[in-house]
Amino acid sequence: MHFSSTVAVSAVLTLANAAVMGKRALSGEATYYGGNVAGGTCSFSTYTLPSGIYGTALSDANWANSGNCGACVSVTGPSGNSITAMIVDQCPGCGTNHLDLFPDAFSALADPTKGIIDVAWSIVDCPITTPLQLHNKEGVSAYWFSMQVVNANKAVASLEVSTDGGSTWQGTTRQTYNFFENSAGFGTTTVDVKVTSTSGDSVVVKNVNVASGASTTAGSNFGGSSSGTASSAVAVVASSSSVAAVVSSTPAVVASSPVVVPTSSAVEAVATSIAASKTSATVPVWTPKSSAIVEEEDDACAL
(Lines give C-alpha, C1' and ligand atoms only; values in the text may rest on other atoms or scores of the structure.)
Protein backbone atom coordinates (compact mmCIF):
# COMPACT_ATOMS: atom_id res chain seq x y z
CA MET A 1 0.00 0.00 0.00
CA HIS A 2 1.33 3.43 -0.93
CA PHE A 3 0.66 5.77 2.00
CA SER A 4 2.89 8.78 2.70
CA SER A 5 4.19 9.34 6.25
CA THR A 6 2.77 12.87 6.33
CA VAL A 7 -0.71 11.67 5.51
CA ALA A 8 -0.39 8.77 7.93
CA VAL A 9 0.58 11.06 10.82
CA SER A 10 -2.29 13.43 9.99
CA ALA A 11 -4.81 10.59 9.96
CA VAL A 12 -3.47 9.19 13.24
CA LEU A 13 -3.75 12.60 14.93
CA THR A 14 -7.30 12.97 13.67
CA LEU A 15 -8.21 9.56 15.03
CA ALA A 16 -6.56 10.30 18.40
CA ASN A 17 -8.27 13.69 18.70
CA ALA A 18 -11.66 12.21 17.94
CA ALA A 19 -11.09 9.36 20.38
CA VAL A 20 -10.39 11.77 23.25
CA MET A 21 -13.32 14.06 22.41
CA GLY A 22 -15.69 11.19 21.87
CA LYS A 23 -14.97 9.29 25.07
CA ARG A 24 -15.76 12.06 27.54
CA ALA A 25 -17.92 15.14 27.71
CA LEU A 26 -16.07 18.43 27.37
CA SER A 27 -17.08 21.46 29.42
CA GLY A 28 -17.22 24.83 27.72
CA GLU A 29 -19.41 27.78 26.84
CA ALA A 30 -21.89 28.29 24.03
CA THR A 31 -23.00 31.43 22.25
CA TYR A 32 -24.92 31.83 19.01
CA TYR A 33 -24.59 33.60 15.68
CA GLY A 34 -26.54 33.80 12.44
CA GLY A 35 -25.42 30.37 11.22
CA ASN A 36 -23.55 29.56 8.05
CA VAL A 37 -23.51 26.19 6.33
CA ALA A 38 -22.73 27.05 2.71
CA GLY A 39 -20.23 29.80 3.59
CA GLY A 40 -18.77 28.18 6.70
CA THR A 41 -15.14 27.19 7.08
CA CYS A 42 -16.02 23.52 6.50
CA SER A 43 -16.94 24.52 2.91
CA PHE A 44 -20.23 22.64 2.84
CA SER A 45 -21.40 24.78 -0.10
CA THR A 46 -23.66 22.08 -1.54
CA TYR A 47 -25.01 20.62 1.70
CA THR A 48 -28.23 21.09 3.64
CA LEU A 49 -28.42 19.99 7.26
CA PRO A 50 -30.68 16.96 7.73
CA SER A 51 -33.89 17.33 9.69
CA GLY A 52 -33.30 17.01 13.43
CA ILE A 53 -29.65 18.06 13.29
CA TYR A 54 -28.77 21.63 14.29
CA GLY A 55 -25.68 23.56 13.15
CA THR A 56 -22.73 24.86 15.13
CA ALA A 57 -19.33 26.49 14.75
CA LEU A 58 -16.44 25.08 16.76
CA SER A 59 -13.62 27.05 18.36
CA ASP A 60 -10.37 27.25 16.42
CA ALA A 61 -8.74 25.81 19.53
CA ASN A 62 -10.50 22.51 18.74
CA TRP A 63 -10.33 22.82 14.95
CA ALA A 64 -7.79 20.04 14.35
CA ASN A 65 -7.10 21.22 10.79
CA SER A 66 -10.80 20.77 9.94
CA GLY A 67 -10.70 17.24 11.31
CA ASN A 68 -13.98 17.81 13.18
CA CYS A 69 -15.87 19.16 10.17
CA GLY A 70 -19.03 17.17 9.64
CA ALA A 71 -18.85 15.54 13.05
CA CYS A 72 -21.93 15.65 15.24
CA VAL A 73 -21.91 16.72 18.88
CA SER A 74 -24.39 16.05 21.62
CA VAL A 75 -24.75 19.31 23.56
CA THR A 76 -26.28 19.49 27.03
CA GLY A 77 -27.43 22.90 28.28
CA PRO A 78 -27.80 24.35 31.78
CA SER A 79 -31.29 22.89 32.17
CA GLY A 80 -30.11 19.37 31.39
CA ASN A 81 -31.75 18.99 27.99
CA SER A 82 -29.65 17.99 24.97
CA ILE A 83 -29.51 18.55 21.22
CA THR A 84 -27.47 17.12 18.37
CA ALA A 85 -25.59 19.56 16.15
CA MET A 86 -23.18 19.19 13.24
CA ILE A 87 -19.90 21.12 13.12
CA VAL A 88 -20.01 23.17 9.91
CA ASP A 89 -17.99 26.31 10.72
CA GLN A 90 -15.14 27.72 12.80
CA CYS A 91 -15.36 30.20 15.67
CA PRO A 92 -12.05 32.14 15.65
CA GLY A 93 -10.69 33.14 19.04
CA CYS A 94 -13.63 31.73 20.96
CA GLY A 95 -11.61 29.73 23.46
CA THR A 96 -11.16 26.03 24.10
CA ASN A 97 -14.28 23.86 23.87
CA HIS A 98 -16.45 26.81 22.82
CA LEU A 99 -19.45 26.22 20.56
CA ASP A 100 -21.08 29.04 18.59
CA LEU A 101 -24.49 27.57 17.89
CA PHE A 102 -27.02 28.40 15.23
CA PRO A 103 -29.91 30.46 16.72
CA ASP A 104 -32.40 27.58 16.76
CA ALA A 105 -29.87 25.32 18.48
CA PHE A 106 -29.20 27.85 21.24
CA SER A 107 -32.89 28.54 21.81
CA ALA A 108 -33.49 24.80 22.19
CA LEU A 109 -31.13 24.85 25.16
CA ALA A 110 -31.80 28.23 26.80
CA ASP A 111 -33.48 31.59 26.45
CA PRO A 112 -31.57 33.51 23.74
CA THR A 113 -31.53 36.59 25.98
CA LYS A 114 -28.94 34.82 28.13
CA GLY A 115 -26.44 35.21 25.26
CA ILE A 116 -23.93 32.77 26.72
CA ILE A 117 -24.41 29.52 28.62
CA ASP A 118 -22.36 26.72 30.11
CA VAL A 119 -22.57 23.47 28.18
CA ALA A 120 -21.15 19.96 28.14
CA TRP A 121 -20.64 18.30 24.78
CA SER A 122 -19.12 15.25 23.16
CA ILE A 123 -18.76 13.89 19.64
CA VAL A 124 -21.38 11.31 18.72
CA ASP A 125 -22.50 9.50 15.58
CA CYS A 126 -24.80 11.61 13.44
CA PRO A 127 -28.37 10.30 13.13
CA ILE A 128 -28.00 10.00 9.35
CA THR A 129 -29.20 6.92 7.50
CA THR A 130 -28.74 8.12 3.90
CA PRO A 131 -25.45 7.45 2.05
CA LEU A 132 -22.42 9.69 2.35
CA GLN A 133 -21.44 11.84 -0.65
CA LEU A 134 -18.21 12.89 -2.34
CA HIS A 135 -17.95 16.45 -3.68
CA ASN A 136 -15.23 17.68 -6.06
CA LYS A 137 -13.91 21.20 -5.74
CA GLU A 138 -14.32 23.47 -8.75
CA GLY A 139 -11.35 23.20 -11.11
CA VAL A 140 -10.27 19.64 -10.36
CA SER A 141 -8.76 17.55 -13.14
CA ALA A 142 -6.47 14.62 -13.72
CA TYR A 143 -3.65 16.91 -12.55
CA TRP A 144 -5.20 18.50 -9.44
CA PHE A 145 -7.31 16.54 -7.00
CA SER A 146 -9.54 18.14 -4.33
CA MET A 147 -12.52 16.33 -2.78
CA GLN A 148 -14.59 16.52 0.38
CA VAL A 149 -16.93 14.10 2.14
CA VAL A 150 -20.42 15.25 3.16
CA ASN A 151 -23.36 13.63 4.90
CA ALA A 152 -21.16 11.15 6.76
CA ASN A 153 -22.66 9.69 9.92
CA LYS A 154 -19.24 9.66 11.62
CA ALA A 155 -16.30 12.06 11.62
CA VAL A 156 -14.02 11.44 8.63
CA ALA A 157 -10.35 10.65 9.28
CA SER A 158 -8.92 10.08 5.79
CA LEU A 159 -9.58 9.80 2.08
CA GLU A 160 -7.48 7.59 -0.16
CA VAL A 161 -7.48 7.09 -3.92
CA SER A 162 -6.75 4.07 -6.09
CA THR A 163 -6.05 4.14 -9.82
CA ASP A 164 -5.54 0.40 -10.18
CA GLY A 165 -8.86 -1.03 -9.08
CA GLY A 166 -8.05 -1.07 -5.38
CA SER A 167 -4.76 -2.96 -5.50
CA THR A 168 -2.92 0.04 -4.03
CA TRP A 169 -4.11 3.20 -2.30
CA GLN A 170 -2.58 6.69 -2.35
CA GLY A 171 -3.14 9.24 0.41
CA THR A 172 -4.43 12.80 0.24
CA THR A 173 -3.82 15.79 2.54
CA ARG A 174 -6.71 17.38 4.39
CA GLN A 175 -6.78 21.16 4.15
CA THR A 176 -8.02 23.54 6.85
CA TYR A 177 -11.05 24.27 4.63
CA ASN A 178 -12.03 20.59 4.68
CA PHE A 179 -11.00 19.27 1.26
CA PHE A 180 -8.69 16.30 0.77
CA GLU A 181 -6.12 17.21 -1.87
CA ASN A 182 -3.27 15.98 -4.05
CA SER A 183 -1.70 18.97 -5.81
CA ALA A 184 -0.37 16.80 -8.64
CA GLY A 185 -3.60 14.88 -9.19
CA PHE A 186 -3.66 11.19 -10.01
CA GLY A 187 -3.26 11.34 -13.79
CA THR A 188 -6.79 10.14 -14.48
CA THR A 189 -10.36 11.41 -14.15
CA THR A 190 -11.84 8.12 -12.94
CA VAL A 191 -10.69 6.74 -9.61
CA ASP A 192 -11.77 4.56 -6.73
CA VAL A 193 -12.07 6.37 -3.39
CA LYS A 194 -11.81 4.93 0.11
CA VAL A 195 -13.14 7.06 2.99
CA THR A 196 -12.27 6.04 6.55
CA SER A 197 -13.99 7.30 9.69
CA THR A 198 -12.38 8.11 13.03
CA SER A 199 -13.80 4.79 14.26
CA GLY A 200 -11.98 2.87 11.53
CA ASP A 201 -15.00 2.09 9.32
CA SER A 202 -14.37 2.39 5.59
CA VAL A 203 -16.55 2.96 2.55
CA VAL A 204 -15.12 2.32 -0.90
CA VAL A 205 -16.66 4.11 -3.86
CA LYS A 206 -15.83 2.74 -7.28
CA ASN A 207 -15.44 4.66 -10.55
CA VAL A 208 -15.68 8.18 -9.13
CA ASN A 209 -15.65 10.92 -11.76
CA VAL A 210 -12.99 13.56 -11.04
CA ALA A 211 -14.79 16.45 -12.72
CA SER A 212 -15.09 20.08 -11.64
CA GLY A 213 -17.85 20.49 -9.06
CA ALA A 214 -19.19 16.97 -9.58
CA SER A 215 -20.75 14.99 -6.75
CA THR A 216 -21.01 11.24 -6.27
CA THR A 217 -23.38 9.50 -3.87
CA ALA A 218 -22.03 6.33 -2.32
CA GLY A 219 -24.10 3.21 -1.84
CA SER A 220 -24.07 3.47 1.95
CA ASN A 221 -22.73 5.27 4.98
CA PHE A 222 -20.32 4.12 7.69
CA GLY A 223 -21.44 1.00 9.44
CA GLY A 224 -24.37 0.34 7.10
CA SER A 225 -25.24 -1.66 4.02
CA SER A 226 -27.53 -0.65 1.19
CA SER A 227 -27.71 -4.23 -0.03
CA GLY A 228 -28.70 -5.71 3.31
CA THR A 229 -25.83 -8.20 3.13
CA ALA A 230 -23.38 -8.26 6.02
CA SER A 231 -19.73 -9.19 5.84
CA SER A 232 -17.42 -9.96 8.72
CA ALA A 233 -14.26 -8.90 6.87
CA VAL A 234 -14.91 -6.80 3.82
CA ALA A 235 -16.18 -3.31 2.96
CA VAL A 236 -17.12 -3.71 -0.72
CA VAL A 237 -18.11 -1.35 -2.53
CA ALA A 238 -20.17 1.77 -3.05
CA SER A 239 -20.29 2.96 -6.63
CA SER A 240 -21.19 6.07 -8.59
CA SER A 241 -22.95 3.71 -10.99
CA SER A 242 -25.38 2.61 -8.29
CA VAL A 243 -23.56 -0.58 -7.29
CA ALA A 244 -24.63 -1.51 -3.78
CA ALA A 245 -22.14 -1.24 -0.91
CA VAL A 246 -21.35 -3.49 1.97
CA VAL A 247 -19.62 -1.68 4.83
CA SER A 248 -17.95 -3.32 7.79
CA SER A 249 -16.70 -1.96 11.10
CA THR A 250 -13.12 -2.63 9.98
CA PRO A 251 -11.04 -1.06 7.18
CA ALA A 252 -11.73 -2.38 3.71
CA VAL A 253 -9.91 -5.56 2.84
CA VAL A 254 -10.32 -7.29 -0.48
CA ALA A 255 -9.82 -11.03 -0.43
CA SER A 256 -7.52 -12.45 -3.11
CA SER A 257 -9.78 -15.44 -3.62
CA PRO A 258 -13.31 -16.48 -2.66
CA VAL A 259 -13.87 -18.00 0.75
CA VAL A 260 -15.72 -21.30 0.52
CA VAL A 261 -17.69 -22.34 3.56
CA PRO A 262 -19.03 -25.89 3.41
CA THR A 263 -22.61 -26.46 4.33
CA SER A 264 -23.45 -28.53 7.35
CA SER A 265 -24.79 -31.31 5.13
CA ALA A 266 -21.53 -31.48 3.19
CA VAL A 267 -19.49 -31.76 6.38
CA GLU A 268 -21.84 -34.40 7.67
CA ALA A 269 -21.48 -36.41 4.49
CA VAL A 270 -17.69 -36.39 4.77
CA ALA A 271 -17.84 -37.36 8.41
CA THR A 272 -20.21 -40.22 7.62
CA SER A 273 -17.93 -41.45 4.86
CA ILE A 274 -14.97 -41.51 7.24
CA ALA A 275 -17.04 -43.35 9.79
CA ALA A 276 -18.02 -45.98 7.26
CA SER A 277 -14.39 -46.68 6.42
CA LYS A 278 -13.65 -47.65 10.02
CA THR A 279 -14.11 -51.40 10.45
CA SER A 280 -12.70 -51.80 13.95
CA ALA A 281 -15.02 -49.42 15.76
CA THR A 282 -18.11 -47.32 15.28
CA VAL A 283 -17.22 -43.62 14.97
CA PRO A 284 -19.88 -41.07 16.04
CA VAL A 285 -20.90 -38.67 13.31
CA TRP A 286 -20.35 -34.96 14.23
CA THR A 287 -23.02 -32.69 12.79
CA PRO A 288 -22.15 -28.96 13.01
CA LYS A 289 -24.80 -26.33 13.41
CA SER A 290 -25.77 -24.44 10.26
CA SER A 291 -23.94 -21.09 9.97
CA ALA A 292 -24.28 -17.97 7.83
CA ILE A 293 -21.60 -15.69 6.54
CA VAL A 294 -22.01 -12.94 8.77
CA GLU A 295 -20.60 -8.46 7.83
CA GLU A 296 -17.27 17.47 11.55
CA GLU A 297 -16.88 30.78 11.49
CA ASP A 298 -15.59 32.98 9.70
CA ASP A 299 -18.10 35.25 11.57
CA ALA A 300 -17.06 36.74 14.93
CA CYS A 301 -18.63 34.98 17.90
CA ALA A 302 -21.96 36.53 18.79
CA LEU A 303 -22.61 36.96 22.45
Side-chain angles (χ1 to χ4, degrees), residues 13-37 40-42 44 47-130 132 150-157 178 197-201 221-224 296-303:
L13 289 175
T14 300
L15 286 163
N17 178 68
V20 171
M21 296 174 69
K23 285 182 177 179
R24 59 185 177 85
L26 302 176
S27 297
E29 294 180 326
T31 50
Y32 66 94
Y33 76 119
N36 198 353
V37 178
T41 316
C42 289
F44 289 146
Y47 190 58
T48 301
L49 288 172
S51 176
I53 300 179
Y54 296 93
T56 187
L58 177 66
S59 173
D60 53 356
N62 301 86
W63 192 241
N65 194 43
S66 79
N68 290 312
C69 278
C72 282
V73 290
S74 177
V75 189
T76 302
S79 298
N81 58 316
S82 299
I83 62 165
T84 298
M86 182 182 289
I87 297 168
V88 299
D89 203 357
Q90 185 187 86
C91 185
C94 286
T96 303
N97 300 339
H98 189 105
L99 298 176
D100 204 16
L101 300 166
F102 283 23
D104 56 349
F106 189 97
S107 62
L109 296 174
D111 187 329
T113 60
K114 291 182 179 295
I116 184 168
I117 57 175
D118 292 327
V119 295
W121 60 272
S122 58
I123 290 182
V124 297
D125 289 354
C126 296
I128 297 174
T129 57
T130 53
L132 62 79
V150 298
N151 202 54
N153 59 10
K154 297 183 180 183
V156 174
N178 194 37
S197 76
T198 54
S199 298
D201 305 309
N221 217 310
F222 294 123
E296 218 179 327
E297 153 171 314
D298 294 318
D299 302 53
C301 297
L303 298 178

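All figures in this text were calculated on a predicted structure; none of them were measured in a lab. No hydrogens, no waters, no symmetry mates; every other heavy atom, side chains included, goes into these values.
- Residues meeting the side-chain hydrogen bond (donor to acceptor under 3.5 Å, both in side chains) test with Asn151, sequence neighbours left out: Tyr47, Thr130.
- For Asp125, the side chain to side chain contact (heavy atoms under 4.5 Å, CB included) criterion is met by Lys154, not counting sequence neighbours.
- Ser79 contributes no side-chain N or O that, together with a main-chain N or O of Asn81, makes up a donor-acceptor pair within less than 3.5 Å.
- For the atom pair CG of Leu49 and CZ of Phe44, the computed distance is 9.0 Å after rounding to the nearest 0.5 Å.
- Put simply, SG on Cys94 and CG on Asn62 are 10.5 Å apart, with the number rounded to the nearest 0.5 Å.
- Between atom NE2 of residue His98 and atom CG of residue Leu101 there is a gap of 8.0 Å, rounded to the nearest 0.5 Å.
- Checking side-chain atoms of Trp121 against main-chain N and O of Asn97 turns up a donor-acceptor pair under 3.5 Å.
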query = Run the side-chain contact (heavy atoms from CB on, under 4.5 Å) check on Ile53 and Ile128 step by step: do they pass?
reply = CA-CA 9 Å; Ile53 300 179; Ile128 297 174; 3.9 Å; yes

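- Of the possible polar contacts, none joining the Asn153 side chain to the Asn221 backbone as a donor-acceptor pair under 3.5 Å is found.
- Under the 3.5 Å distance criterion, the side-chain polar atoms of Ser197 are matched with a main-chain donor or acceptor of Asp201.
- Here Phe102 pairs with Tyr33 under the ring-ring contact (aromatic ring centres under 6.0 Å, His included) rule; sequence neighbours left out.
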Criterion side-chain contact (heavy atoms from CB on, under 4.5 Å) on Ile87 and Val73, from CA distance to verdict = CA-CA 8 Å; Ile87 297 168; Val73 290; 4.0 Å; yes

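- Looking only at distances, no side-chain donor or acceptor of Asp60 sits under 3.5 Å from a matching main-chain atom of Pro92.
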Identify all side-chain donor-acceptor contacts of residues 103-119 below 3.5 Å with residues at least two apart in sequence or on another chain.
from	atom 1	to	atom 2	distance (Å)
Ser107	OG	Pro103	O	3.2
Ser107	OG	Asp104	O	3.0
Asp111	OD1	Thr113	N	2.9
Asp111	OD1	Thr113	OG1	2.9
Asp111	OD2	Thr113	OG1	3.4

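- Here CG of Asp100 is found 3.5 Å from OG1 of Thr31. Values are rounded to the nearest 0.5 Å.
- For Ser27, the side chain to side chain contact (heavy atoms under 4.5 Å, CB included) test picks out no residue, with sequence neighbours left out.
- In this structure the side chain of Tyr32 never reaches within 4.5 angstrom of the side chain of Thr56, judged on heavy atoms.
- For Asn178 against Cys42, the heavy-atom pair with the smallest separation is ND2-O, 3.2 Å.
- Taking the side-chain hydrogen bond (donor to acceptor under 3.5 Å, both in side chains) definition, one finds that Ser74 meets it with nothing, sequence neighbours left out.
- Looking only at side-chain heavy atoms (C-beta outward), Thr84 and Cys126 stay at 4.5 Å or farther from each other.
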